[in-house]
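Every number for a ligand or one of its atoms is a count from 1 in the order of the listing.
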Amino acid sequence: MSSTYEMVSRRLRITGVPRSVRIVPSALLALALALTACSGGVHGTPGVPGVHDPYFPKAGNGGYDVGHYDLRLAYDPHGAGRLTGTATLTARATQNLSAFDLDLKGLDVQEVTVEGRSARFNRAGQELTVRPHDDLDDGETFRVTVRYSGTPQAVTDPDGSQEGWLPTTDGALALGEPTGAMAWFPGNNHPSDKASYDIAVTVPKGLRAVSNGELTGETTTGDRTTFTWHTPEPMASYLATVAVGHYDISRSTIGKDRLPVYVAVDPTQAKASREVLAQLPEIIEWEEYNFGPYPFSSTGAIVDDAKDVGYALETQNRPVFPSAPDTGTLVHELAHQWYGDSVTPKSWRDMWLNEGFATYAEWLWDEDHDGDTAQQTFDALYAHGEDDHPGLWSFPPAEPSGAAHISDAPVYERGAMVLHKIRQTVGDDTFYDIIQGWAVAHRHGNADTADFTAYVEKAAPDKDFAPIWKQWLYGEGKPAHP
Ligand code: TRP
Ligand code: ZN
């Protein structure tokens, strides 16, 4: 353990179907909006129903910025799979607002209040439009509470995968990349608006609810238990998770700073995951050595029995695996804690900043653990032609060819190849400075591809990166030279 810390100090330089409860005819709503807008001193206008994401235009909303989500959920898997929720968002208006949207898909809304006063609302597709009793002033902090319930519907991705609140054999698993969070709580469902979270989940006694951050309470009243979880660091909505079911829990700490570890494993996966999960502390320490200080106040993993899900997800603090993971997948999802969760894309176009880094982490792990070097992995990929691995060269990593392709091979493998080209150009010392410095520069924030290329150019001003950007990052087809 102590030798690991010497290593750390060496490389660490910087130390659906919408259902309205109340149907407001649109003409009346427009009239009401106009009246409200004129009633006070400020003339608010409605916030726009999306943040112009190039791949998911309806995701997120304009006019406000959420600072905190307080979610109180109750779920009974034995009943009709009914979810009951109260979500209180603390947000700041970024314009004078007469109305604003939240993203919520499916479920019934019983009541919306803004600053404690009942607010009108309307639903259309994934947009829940809220019209507060009084306009909100630009810069004003306000609280909006939504009471809702129903049986959550899965969200099907453009690529066919399912997310949202997904029933499992003994409970449910909530996964949100890219847009599934709106299937279980209302919010500003876009990675550009990160916030802290408190998530309380009430389940039948005997089951557990595991979420992000730290467990702050477990209280049984009658035949139900409430688990409360606190996420202090900013989190994108797609990284929020809840896992309900039977889990074996193990708690420990890592290193001299005693980073808390909370691992929840479905009993059916316990045997198959034991050896890989035992590597978690070693993986975190190896990643700290390579990527810099771990960016959050706790870590761990959730291993469920949800094979239909078919993918793992880097949910914050505690990545989710749909069955026992292998070492490479654990390395990948934990690497996302730095690249994706702490440094989060500004839009879904910047997905390669997540997946290229997490994939390159797997290459580096292999290189450092008697496997192929990153150069060998790069060469083996480059050997594939446009005929035998067309997917790899089908679009440039920085410009996925549509929403259905943001998790295709160019984003993962060719994204990692971009990082390897940078490493070849600058050498190991500067390369590790770059990936560590990048994680520090945008810690707990958002960044896009232009931020990254500018960062790299500044870190190595004597090198010419233009050919790498042109051919590897933005160029169509297979680059002519490895
Ligand atoms: N981000 C996940 C990973 O790399 C994969 C994934 C899950 C994903 N769901 C997705 C990627 C939806 C894009 C879209 O482990
Ligand atoms: Zn990934």
Requested in this report: Please indicate whether any nitrogen or oxygen in H332 is less than 3.5 Å from any nitrogen or oxygen in ligand 1.
Outcome: yes

Report summary line: The atoms of ligand 1 lying under 4.0 Å from a heavy atom of E314, numbered in the order shown, are 1 (N), 2 (C), 3 (C), 15 (O)

**Report entry** N, O or S from E333 under 2.8 Å to the Zn ion (ligand 2)
**Finding:** no

Requested in this report: Flag this pair as yes if the NZ/CZ of K478 is under 6.0 angstrom from the six-membered ring centre of Y382 and inside a 45 degree cone about the axis; otherwise no.
Outcome: yes

Report task. For the residue pair Y339 and F291, categorise the inter-ring angle as parallel (less than 30°), tilted (30 to 60°) or perpendicular (more than 60°). Result -> perpendicular

Query raised in the report: Can any side-chain N or O of E163 pair as donor or acceptor with the backbone N or O of G180 at less than 3.5 Å?
Result: yes

Query raised in the report: Identify the closest protein heavy atom to atom 7 (C) of ligand 1: which residue and atom is it, and at what distance?
Result: Y311 CD1, 3.1 Å

Report task. State whether the number of non-hydrogen atoms from other residues, nucleotides or ligands found under 6.0 Å of K307 atom NZ is greater than 12. Result -> yes

Report task. Work out whether the distance between some heavy atom of A358 and some atom of ligand 1 is less than 4.0 Å. Result -> no

Report task. Answer yes or no: are there more than 12 heavy-atom neighbours, outside K58 itself, under 6.0 Å from its atom NZ? Result -> no

Query raised in the report: For atom 11 (C) of ligand 1, which candidate among G176, A404, S407 provides the closest heavy atom?
Result: S407

Query raised in the report: Any donor and acceptor pair, going by atom type alone, linking the side chain of T359 with main-chain N or O of E355 inside 3.5 Å?
Result: yes

**Report entry** Those atoms of ligand 1 less than 4.0 Å from some heavy atom in Y412
**Finding:** 1 (N), 2 (C), 3 (C), 4 (O), 5 (C), 11 (C)

Query - For M351, atoms of ligand 1 separated by under 4.0 Å from a heavy atom - result: 11 (C), 13 (C)

Query raised in the report: What protein heavy atom sits nearest atom 8 (C) of ligand 1, and how far off is it?
Result: E177 OE1, 3.1 Å

Report task. Run the numbers for me: atoms of ligand 1, each under 4.0 Å from some heavy atom of D157, listed by number. Result -> 12 (C), 14 (C)

**Report entry** Heavy-atom donor-acceptor pair, T268 side chain to D305 backbone, under 3.5 Å
**Finding:** no

Requested in this report: Determine which of the N, O or S atoms in E355 is closest to the Zn ion (ligand 2) and give its atom name.
Outcome: OE1

Report task. Check for a donor-acceptor pair, side chain of D53 on one end and backbone N or O of W348 on the other, with a separation under 3.5 Å. Result -> yes

Report task. Could you list the atoms of ligand 1 found under 4.0 angstrom from a heavy atom of E333? Result -> 3 (C), 15 (O)

Query raised in the report: What about P178: any of its N or O atoms under 3.5 Å from an N or O on ligand 1?
Result: no

Query raised in the report: Which one holds for E163 and ligand 1: side chain close, backbone close, both close, or neither close, with close meaning a heavy atom under 4.0 Å?
Result: neither

Query - D76/R82 salt bridge by N-O under 4.0 Å criterion - result: no

